[in-house]
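First the proteins, then the strands, lettered A, B, ... as listed; each starts at 1.
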Amino acid sequence: MELDVSFWLTQFLNGLANAMVLFLIASGLTILLGVLGVLNLAHGSFYMLGAFLIFSSSIIKNPSWFWVGLLLAPLVVAGFGTIIEAFCLRPLYGRERLYTLLLTYGFTLILDDLVLLIWGRDYKSVPIPALFEGRLTIGDFSYPVYFLFIIAVGPLLGVFLWFILNKTNFGKLIRAAATDSEMLDALGVNVNRVFTGVFALGAWLASLGGILAAPMRSVEPGMGVEIIIESFIVVIIGGMGSYLGAFVGAVLIGMLKAFGIEILENFAMIFIYALVLPILILRPRGLFGETTI
Amino acid sequence: MATTPVLETKALTKSFGSLLAVNEVDFQVPVGELCAVIGPNGAGKTTFFNLISGRLEPTSGGVFFEGEDITGYPPHAVVKKGVGRSFQITNIFPRLSVLDNVRIAVLARRGKTLDMFSPIEKHTEEQEEALSILGEVELGHKAHHPTTKLGHGERRNLELGITLALEPRLILLDEPTAGMSIEETSSTIELVKKISADKTVVFTEHDMSVVFSIADRISVLHQGSIIAEGTPDEIRNDDLVRLAYLGEEV
Amino acid sequence: MESTSGKKLLSRLMERIPNRFGVTVLLALAVLAPFLVQNDYYIQLCTEILIASLLAISLNFLIGFTGLVSLGHAVYLGVGAYAFALLTKNVYPSMWAGLIAAGASCALLAWFMGVFCVRLAGLYFAMLTLAFSQVVYTVAYYWRDVTGGDDGMLGIPKPEIGIPGAFSISLESFTNFYYFVLIIVTALIFLAWKIANSPFGRVLQAIRENPERVEFIGLPVHRYKLYAFIIAGTLGGFAGGLYSTFQGYISPDLLYWTQSGEIVLMTILGGMYSFLGPAFGAGMLLFIRDTVLNFMEYWRIVVGGILVLLVLFLPGGILGFFEEWASRLSIGGNDGDDTRS
Amino acid sequence: MILSVEKINTFYGDSHILFDVDMSIAEGEVVSLLGRNGAGKTTTLRSIMGLTPPREGSVCWLGEEVQRLKPHEIARKGVGFVPEDRRIFSRLSVEENLEIGAFKLEGPSGWTLERIYGLFPKLEQLKAHKGNELSGGEQQMLAIARALMGAPRLVLLDEPSEGLAPAIVKDVGEMIGTLRDEGIAVLLVEQNTRFACRLSDRVYIIDNGRVRFGGTVAQLEADEELKSRYLAV
Amino acid sequence: MSGLGKKMFVAAVMSLAIASYGASTSFAAKTIKIGVLSPLTGLYSIVGKRTSQGINMAVKEINDAGGVLGHKFEALIRDSETNPASSVRTARRLILRDKVFALLGPLHGGAAIAVLQESKKLKTMNFPWAATEEINTKFCSRYTWRVGSSAQQTSRAGAVIAHRLGLKKWATISSDFSYGRSVVRQFWNYLKERDPGAKRPYAAWPKLGENDYSAYINKMQKAKPDAIFVGLFGADLIKFMKQARSFGMYEKVKIFTDFGGNHVVLKALGDQAPFGHWASSRYLHNYPVSAGNKRFVDNFRKAYNVYPDMTAGEAYSTVHVIAESIRRAGAVDKEKAIDAMGGVAFNSPEGWIIMRPSDHQGWQSSFWGVISKSKKYPFPILSNIQVISPVEGSHPDESTGQGCRK
């Protein structure tokens with residue numbers, strides 16, 4: 001019996017750790033959808049860029065590499081996102097939404113090859129930062145510290161996002177832009193800059209997800225394509241524009257994956273869609289969706 | 001009343017959250033009448049039309065068309081019953097030609113829109129009819145233009161043409177002359193009069209001179225309730241109406 | 001000076017050439033293609049382009065015609081392909097039976113999915129179609145006993161056509177198969193074109209323009225959207241059946257969401273507001289990719305770059321752009337019916 | 001003149017809406033723009049604000065051409081905008097809505113939250129409420145207050161009386177009076193002619209996208225033909 | 001953009017397409033072209049890279065030695081995209097348009113099966129990289145061959161070691177696709193055959209490309225096995241290893257990985273590699289310590305500044321085997337070369353490879369070793385290498401290769 005408790009607890013934490021990485025990517029995706037109405041397929045590429053940049057910083061043989069990378073890499077990616085938004089996405093806002101979909105798809109192709117050009121093709125592995133090596137052991141129960149770190153970072157970033165959105169001027173502008181960007185413009189706010197800021201924030205979050213995931217996963221081109229569809233499902237479940245929804249959706253997916261394999265090991269994916277379809281059919285706005293896109 | 005009214009609402013109510021947009025409205029339109037619903041902006045005229053035409057579902061109360069309960073019917077079913085409607089904000093098919101805008105309505109009325117295999121031009125009867133309706137609304141010469149080339153008044157007329165093509169027994173017109181020039185307004189009024197000769201028409205209108213000159217009967221809607229009903233003369237001399245609507249210090 | 005008179009000449013030329021002329025040229029090119037390319041590889045590339053054209057046009061029934069952006073259209077490619085393969089391999093090796101199975105299974109599937117999907121609009125519609133297609137993908141991937149799972153299905157036949165006992169034509173040769181596909185695809189595209197220009201097709205365009213007004217001319221919009229959904233699915237299913245016999249091998253990749261994205265890409269690339277635009281986009285995409293992939297290692301950068309540039313500078317799609325260009329040249333000459341509809 | 005509009009032509013897509021519209025507003029003046037539904041009143045405001053920039057003609061702010069500027073740049077020059085449907089940010093509280101109005105300012109202005117709450121005590125009571133919890137009149141009040149927070153020299157007011165109960169329309173009239181007292185110029189778009197005339201120094205009438213009349217209220221009152229032709233109430 | 005600008009842009013795109021189209025149609029006289037399908041982009045691009053390097057090196061060696069029967073070799077290397085549709089399209093292009101003599105690749109099992117069907121139809125010999133043993137059995141044909149070890153050879157060899165070590169209670173994990181299933185099936189069946197007492201309380205089948213194995217690892221721990229057999233491939237293996245390590249699996253159980261001895265994997269894992277655990281590789285740069293292998297490694301390093309990995313070694317040998325078959329046939333003729341292929345022997349860097357006529361599989365030894373730190377190399381290597389003879393590793397009788405005569 002003792003053993004079972006630790007098994008289920010471990011499975012629960014596994015689901016949570018998985019969920020937190022998803023949350024980071026999905027939260028950016030959902031805010032982007034809520035404010036800009038853009039389904040950014042290149043979002044997965046930002047996740048990938050984050051992972052590649054942390055790989056580069058892991059080459060520095062100094063224990064502080066992880067923190068340097070954690071701080072700098074998302075800024076680099078956010079800057080890159082800024083450029084894409086300002087020069088390529090901005091001209092498209094007045095047109096049909098489909099075009100932004102195509103444009104960001106084009107960028108996923110470009111970025112996948114770009115990382116090959118820059119970083120080469122070798123398999124890449126990012127070590128776990130020294131501080132989080134090892135396991136936390138309590139009696140029978142033993143769990144990797146790094147996973148616990150990821151689980152802790154997720155809610156922290158959730159609170160951070162809540163703070164940004166609700167307590168800062170930038171957050172007010174984001175919420176205002178989500179309701180009526182034209183009015184915001186007419187009130188003297190450079191909405192384009194708000195949009196760019198939102199895009200950069202999304203890129204920042206996604207790359208952070210990539211950084212956190214890198215020591216646990218592999219770093220490879222195409223890793224963005226894998227993650228984007230799952231984050232997209234999270235957004236659907238949570239509701240477009242709702243970061244709280246993204247959090248709940250991510251936890252749901254994480255749990256389904258962790259516990260789904262107990263029931264129907266090979267068909268765990270089916271559970272996820274078994275959840276998504278009725279939600280979309282009965283509550284197309286998702287669990288927490290409020291804004292109309 | 002001896003005959004069944006064409007349209008009747010019974011205690012029709014619609015609330016949006018705490019706002020009572022339409023409040024227990026009892027309303028009757030006898031056959032053949034040209035009836036105006038007036039009221040200040042936000043009085044609930046458009047909501048009232050939306051309830052009748054099925055765009056909105058009432059919170060409570062009922063809508064009866066020719067005695068039949070049509071409460072909660074979807075718009076297309078209401079139209080099929082014989083209620084046509086035009087909109088306050090011009091509501092046409094922008095990227096179709098002027099002819100197609102009307103032709104579709106004619107085809108829809110005649111139940112030919114499920115024809116998937118014969119070219120639309122081969123439906124000559126419908127085409128003729130559409131053209132003649134366009135003639136009625138003075139757009140005959142522009143049948144093959146894209147709607148983007150129409151002026152504001154012409155679009156309003158096209159809107160009306162689409163509604164006419166449905167050959168409804170009851171027509172709901174939401175501000176048919178909104179934004180029209182004086183010339184356009186007078187020709188549209190003539191048109192409405194002509195239509196009302198053999199149809200029942202309910203319309204809303206801003207332009208009081210239009211209302212008082214053509215309506216058989218006027219109902220005044222104020223904050224969701226009907227506060228007065230009667231002939232134009234009765235309404236003109238109603239103190240309550242003057243106070244609520246025609247102006248604070250008339 | 002010179003350029004203006006040249007423009008005038010061109011514009012007069014454009015007026016004189018009715019749409020039918022372009023289609024005739026296109027058809028003639030298609031018929032002669034095997035002789036023009038002189039290489040089995042290009043014949044089969046043309047075959048693939050034909051099938052992709054049908055697929056893109058079928059999707060455009062939703063995107064361009066009815067204004068419904070489906071992100072799950074690969075589901076018909078896949079289900080049609082599996083239906084063809086299962087029937088011809090396990091039950092009865094007949095081309096016609098296989099194609100009918102492909103179309104019919106997709107019609108049924110579209111009907112089922114459509115009932116749920118058409119009630120939603122915009123991004124929500126897109127997401128539901130995507131979710132449905134992913135479900136089917138997952139089923140195909142894991143249901144190994146029937147679909148072969150990730151290994152896919154091998155040895156899908158190209159059954160002979162003809163009248164049993166009287167005559168038969170083998171489709172094993174690239175050229176024969178090309179002509180077979182050309183006939184089927186042309187017939188189906190012609191059918192789609194008929195539908196597009198019928199009263200029903202015009203209602204779909206009206207729904208794209210203003211669904212609410214369609215409701216107010218007395219037509220149940222959901223039901224019309226459902227019919228459009230079924231038509232698009234069925235045509236897509238035929239494309240899937242053809243693809244199945246063309247490749248001789250199918251795998252769940254056909255159903256994956258990236259495949260759906262590619263079909264959307266073809267449609268937009270060619271121009272969703274022109275009838276043949278999507279077919280043109282299909283041809284362009286396959287041709288560009290085939291070319292670039294074979295000449296550079298980092299071909300995705302090139303394809304991605306072309307895509308980005310096209311979206312930024314040719315928003316109407318390639319064919320859409322040329323049509324607009326042509327119509328701008330002939331402005332004043334032809335103020336009549338909008339032929340682009 | 002604080003604002004002068006010269007021969008602007010504005011289009012929505014292919015539709016030509018405004019034809020050679022001329023108009024001017026002096027410092028501190030209240031000017032009404034009257035006309036029927038669809039006459040082009042809102043489009044005129046949108047053209048001035050840069051939301052639907054005119055294709056031809058010029059919009060001059062203090063002698064500088066601004067018709068090519070972005071809406072936020074025009075707003076920053078001192079133009080406040082109160083649109084027809086108020087367009088309150090529904091997910092923001094009343095106070096946040098007001099703060100957004102002041103974001104365009106580089107430094108502090110005379111318009112502080114305290115001063116606004118002094119003028120509109122109702123808003124102080126409601127300050128924690130979300131925008132979508134307000135009534136129509138409260139929204140109108142907030143929309144005007146929001147514009148004031150940006151310390152404008154000119155406020156574009158689009159149909160402030162629309163859909164409001166008479167008692168509240170009176171309040172709106174008082175608000176416009178407040179603006180005038182503060183020395184802020186107002187361009188008022190109205191269908192309620194009587195209401196507009198009572199508040200204005202000068203009046204323009206627009207019909208079918210063309211300016212048909214420009215003059216004082218007295219001139220308009222005197223011209224019955226004009227009134228019945230274009231306003232016809 | 002002005003109208004003219006747009007037009008010029010369109011013209012530029014078109015002419016680019018047309019120009020590049022014409023560019024490659026030049027043929028050198030008397031060349032033997034081999035078409036190569038490898039994943040150059042996406043998840044498995046490293047395999048594509050090393051494969052290309054191995055092939056280019058072999059081609060260069062052959063050409064430097066004067067070619068084969070007076071013909072030079074030329075390799076046309078194309079991206080297979082890990083996608084069956086794209087692989088088949090490119091395979092047809094290589095065979096029909098570029099008229100290649102032989103087709104190598106692709107890697108992905110499903111794509112490989114699709115391509116080998118195509119090459120059979122178009123009568124061109126095909127050497128898939130995919131290692132699933134079904135290529136030698138139910139999907140085999142006259143035109144399908146493989147030089148590198150099959151999953152069967154290495155897995156069965158792994159079972160031999162496992163049996164020797166007396167490990168009884170097992171858990172297995174492998175991706176749910178043909179190669180993944182094949183590896184585990186061969187290992188487990190052979191182990192059961194040798195040791196009927198072996199038990200397997202848990203077999204995990206995550207999807208290909210799974211990111212998070214922690215839920216599976218937890219279930220494995222619950223099953224309390226003595227050892228686990230890992231059939232995961234490429235980046236999946238790296239992800240699994242890192243996660244298994246953080247859960248303490250390295251200390252709790254013996255780990256056997258079929259793919260884990262590959263140099264690129266060990267190099268990537270670095271300090272996080274499962275030291276002391278067993279792994280195999282179809283080619284090793286540090287074993288056998290022969291002059292041939294040393295020469296190959298040195299030349300490879302000189303040319304590309306990296307160590308050759310398993311796929312490089314396989315690709316290199318495959319080209320040489322093709323050359324050898326042409327020499328044996330005495331004519332540059334596809335069918336004659338195939339007739340001569342059975343029995344071709346090539347002294348590869350890893351030792352002799354003999355092409356077995358029955359199932360078209362290259363007979364060779366399999367290597368398993370213990371993952372260790374090395375003083376000589378800056379990355380982990382396999383040491384304590386166990387060489388399992390092909391007699392033990394390959395199919396016991398010829399009946400399984402029945403498809404190959406079709």
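Side-chain contact between D/Tyr117 and D/Glu95 is present, with at least one heavy-atom pair separated by less than 4.5 Å. Side-chain contact between A/Val77 and A/Leu208 is absent, with no heavy-atom pair separated by less than 4.5 Å.
Atom CZ of A/Arg193 has 12 or fewer neighbouring heavy atoms from other residues, nucleotides or ligands inside a 6.0 Å radius.
Note on D/Lys104, D/Arg87, D/Arg76, D/Met49: by heavy-atom pairs under 4.5 Å with chain A, the leading option is D/Arg87.
Of the two parts of A/Asn169, the backbone and the side chain both hold a non-hydrogen atom closer than 4.5 Å to a non-hydrogen atom of chain D. Using a 4.5 Å cut-off between heavy atoms, D/Glu99 touches chain A through its side chain atoms alone. Contacts of D/Phe103 with chain A are made by side-chain atoms alone, with heavy-atom separations under 4.5 Å and no backbone atom involved.
Just one of D/Lys130, D/Lys122, D/Lys127 meets the salt bridge (Lys or Arg N to Asp or Glu O under 4.0 Å) condition when paired with D/Glu138; it is D/Lys122.
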